[in-house]
Amino acid sequence: MKIFLFKKKIEEILKANKNNDFSFLAILLYLLSLVYGLIIKFRLFLFRINILKSNKLNCNVISVGNITAGGTGKTPMTIYISEQITKIGYKCSVISRGYKGKESNKGGVVCDGKNILMTPEMAGDEPVLISEHLKNIPVVIGQNRFESGKLSLNLFKPDVIILDDAFSHIQLNRNINLVLLDASHPFGNNHLLPRGILREPLSSLKRADAVIITRSQYLTDTEKTHLLEKVQKYLSTNVPIFLSKHTPYIYKIIKNAETIFNHRINQNCLTNEIELIKNKEILAFSGIAKNNEFKKSLEYLGFKVKKFKDFPDHYRYNKQDLEDIIKESNDIEAIATTDKDYVKLDKKFNSKKMLIVISVKISFGRYEEKFNNLLKQLLDNTNGFFMV
């Protein structure tokens, strides 16, 4: 219990916006962040003067990443960009580190474009989720992204490889760096880890070819203008900034262990039963980086959230967790969770209640065509490789 409370206190300091915390722990974390910053800057310097070298793959490489720890929406953005690149006419595959997957050290194929070959325990949550959403696009995992890239090239011959969460992984060269920033906390408290949530100094944003601010639907016009000005000063000249939204939708509905609705198969098949359940109270649970965002999504969709259980990001639900959730839902009409959590439940969730699975899709609004044109332009104009 003491360890849990200590971790929670560190997390509170790390995520807090205020900089006037002069407690012993906050000062210690600040000193550690200075050491961390020196290590990061020295590492970047070694790459810049070619003492450390980036490996190159014989194809276009796009990194979808962030400069902060925590959820900025990389997974739905990776799915969106993969789909758009396919529409442009390029053949692509996705590479993920496979965070917390048992096979991440060894690496391997999660999905061959048709069949999902690994479980979340083997591959990690995000690669399996990406595989569930994408059609005809292979997904490969591995901590060594260069080796995973070579495997992907040998097996699937992609024109473009998309790296999920790889902004700081400069061991592998890329042609395009897309950096995601969360609209509400783009830089956290401006401190590096572990005093703040920055993985790298803000000067590293000069490596970006485009910046995408996610979850911008919560900002007023004035806040958007202020944020754009704040971000722009850290970027190289003429680097575009895009505002994107996370639009939640019902992805699947399961009842009595049978899928009665699947958005991927039939997007227009919302039954009267689904519409009726929106007016009834539900229990929701999630284990993602921003659980509160999931709760907001449910309310946006019109659900009445009577009970909400939040778990840590990448949480592995055990039998007791699921039994407790089912028990707490006795007086409730339905249960809701995220698609990221659902891929980990497999056949373990045996509730007779309706289970509603929520996903999010990326929207650039009226700037969607402009963003897709930028992708095409960057890919079409890429000649050779460059260091980042």
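Since this is a predicted model, take the numbers as computed values, not measurements. Residues: numbered from 1 along the sequence shown.
Relative to the ring axis of Tyr249, Lys361 places its NZ or CZ within 45° and under 6.0 Å from the centre. Geometric assessment of Lys307 against the ring of Phe285 yields a negative cation-pi assignment under the 6.0 Å and 45° thresholds.
In this structure, Ile212 and Leu181 have side chains that are not in contact, with every pair of non-hydrogen atoms separated by 4.5 Å or more. Taking the side chain as every heavy atom from C-beta outward, Ile253 and Thr259 never approach each other to under 4.5 Å. In this structure, the side chains of Glu132 and Tyr251 come closer than 4.5 Å at one or more pairs of heavy atoms. Side-chain atoms of Glu293 and Arg215, non-hydrogen and from C-beta on, do get closer than 4.5 Å to each other. Contact check for Leu379 versus Val160: side-chain heavy atoms found under the 4.5 Å cut-off. Looking at Phe364 and Asn372, their side chains never come closer than 4.5 Å, going by heavy atoms from C-beta outward. For the pair Ile85/Ile62, a side-chain contact is recorded, criterion being any heavy-atom separation below 4.5 Å from C-beta on. The shortest side-chain heavy-atom distance between Cys92 and Ile161 does not fall under the 4.5 Å cut-off.
Nearest heavy atom pair, residue Ser216 against residue Lys245, reads OG-CG, 4.0 Å. The minimum heavy-atom distance between Val179 and Ala208, with the atom names listed, is CG2-CB, 3.6 Å. Of all heavy-atom pairs between Asn291 and Ile288, the closest is OD1-N, 3.1 Å. Contact detail for Leu153 and Asn58: the closest heavy-atom pair is CD1-N, 3.9 Å. Closest heavy-atom contact between Arg207 and Phe167: NH2-O, 2.9 Å. Nearest heavy-atom pair, Leu192 versus Ser33, reported as atom, atom and distance to 0.1 Å: O-CB, 3.4 Å.
The salt bridge (charged side-chain N to carboxylate O under 4.0 Å, His left out) pairs that include a residue from residues 153-173 are Asp165-Arg199, where partners are two or more places apart or lie in different chains.
Distance check, rounded to the nearest 0.5 Å: CZ of Phe294 to OG1 of Thr338 gives 6.0 Å. Distance check, rounded to the nearest 0.5 Å: NE2 of His169 to CZ of Arg145 gives 5.0 Å. Between the OH atom in Tyr342 and the CD1 atom in Ile356 there is a gap of 13.0 Å [rounded to 0.5 Å].
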Verdict with reasoning, Glu200 to Ser168, per side-chain hydrogen bond (donor to acceptor under 3.5 Å, both in side chains): CA-CA 8 Å; Glu200 294 187 37; Ser168 297; 2.6 Å; yes

task: Go through the steps for Leu375 and Leu178 under the test side-chain contact (heavy atoms from CB on, under 4.5 Å), then give the verdict.
output: CA-CA 10 Å; Leu375 274 182; Leu178 302 178; 4.2 Å; yes

query: Given the rule in the side-chain hydrogen bond (donor to acceptor under 3.5 Å, both in side chains) test, do Thr337 and Ser286 qualify, once you have shown the distances and angles that lead to the verdict?
result: CA-CA 6 Å; Thr337 192; Ser286 63; over 6 Å; no

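Ion pairing of Glu299 with Lys296 is absent here, as no side-chain N (NZ or NE/NH1/NH2) approaches a carboxylate O to less than 4.0 Å.
Checked against side chain to side chain donor-acceptor pair (under 3.5 Å), Thr214 has no partners two or more places apart in sequence or in another chain. With sequence neighbours left out, Asn238 forms a side chain to side chain donor-acceptor pair (under 3.5 Å) with no residue at all. A search for side chain to side chain donor-acceptor pair (under 3.5 Å) contacts involving Ser131 returns nothing, not counting sequence neighbours. Take Tyr300 and apply the ring pair (Phe, Tyr, Trp, His ring centres under 6.0 Å) test, not counting sequence neighbours, and it matches no residue. Residues that satisfy the ring pair (Phe, Tyr, Trp, His ring centres under 6.0 Å) test with Phe187, not counting sequence neighbours, are Tyr234. Checked against ring pair (Phe, Tyr, Trp, His ring centres under 6.0 Å), Tyr90 has no partners two or more places apart in sequence or in another chain. Partners of His246 by ring pair (Phe, Tyr, Trp, His ring centres under 6.0 Å), not counting sequence neighbours: none found. Every residue two or more places apart in sequence or in another chain that forms a side-chain contact (heavy atoms from CB on, under 4.5 Å) with Ile39 is listed here: Val35.
Annotation: Lys206, atom NZ; neighbour count of heavy atoms from other residues, nucleotides and ligands within 6.0 Å is above 12. For Phe45, the CZ atom counts as loosely surrounded, since its 6.0 Å shell holds 12 or fewer non-hydrogen atoms of other residues, nucleotides or ligands.
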Side-chain donor-acceptor pairs of residues 309-326 under 3.5 Å, sequence neighbours excluded:
{"from": "Lys309", "atom 1": "NZ", "to": "Glu328", "atom 2": "OE2", "distance (Å)": "3.0"}
{"from": "Asp313", "atom 1": "OD1", "to": "Ala289", "atom 2": "N", "distance (Å)": "3.3"}
{"from": "Asp313", "atom 1": "OD1", "to": "Lys340", "atom 2": "NZ", "distance (Å)": "2.8"}
{"from": "His314", "atom 1": "ND1", "to": "Asp125", "atom 2": "OD2", "distance (Å)": "3.1"}
{"from": "Tyr315", "atom 1": "OH", "to": "Asp321", "atom 2": "OD1", "distance (Å)": "3.4"}
{"from": "Tyr315", "atom 1": "OH", "to": "Asp321", "atom 2": "OD2", "distance (Å)": "2.8"}
{"from": "Arg316", "atom 1": "NH1", "to": "Asp125", "atom 2": "OD1", "distance (Å)": "3.1"}
{"from": "Arg316", "atom 1": "NH2", "to": "Pro120", "atom 2": "O", "distance (Å)": "3.0"}
{"from": "Arg316", "atom 1": "NH2", "to": "Asp125", "atom 2": "OD1", "distance (Å)": "3.3"}
{"from": "Tyr317", "atom 1": "OH", "to": "Gly287", "atom 2": "N", "distance (Å)": "3.2"}
{"from": "Tyr317", "atom 1": "OH", "to": "Asp341", "atom 2": "OD1", "distance (Å)": "2.7"}
{"from": "Asn318", "atom 1": "OD1", "to": "Gln320", "atom 2": "N", "distance (Å)": "3.0"}
{"from": "Asn318", "atom 1": "OD1", "to": "Asp321", "atom 2": "N", "distance (Å)": "2.7"}
{"from": "Asn318", "atom 1": "ND2", "to": "Asp321", "atom 2": "OD2", "distance (Å)": "3.3"}
{"from": "Gln320", "atom 1": "NE2", "to": "Asp324", "atom 2": "OD1", "distance (Å)": "2.8"}
{"from": "Asp321", "atom 1": "OD2", "to": "Asn318", "atom 2": "N", "distance (Å)": "3.0"}

Could you go through residues 222-233 and list every donor-acceptor pair under 3.5 Å that involves a side-chain atom there, pairing it with any protein atom two or more places apart or in another chain?
{"from": "Glu223", "atom 1": "OE1", "to": "Thr220", "atom 2": "N", "distance (Å)": "2.8"}
{"from": "Glu223", "atom 1": "OE1", "to": "Thr220", "atom 2": "OG1", "distance (Å)": "3.4"}
{"from": "Thr225", "atom 1": "OG1", "to": "Asp221", "atom 2": "O", "distance (Å)": "3.1"}

N/O donor-acceptor pairs under 3.5 Å from side chains in residues 67-76, not counting sequence neighbours:
{"from": "Thr72", "atom 1": "OG1", "to": "Asn66", "atom 2": "ND2", "distance (Å)": "3.1"}

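You'll find the ring centres of Phe242 and Tyr367 outside the 6.0 Å limit.
Between the side chains of Asp339 and Ser359, at least one donor-acceptor pair of N or O atoms lies under 3.5 Å.
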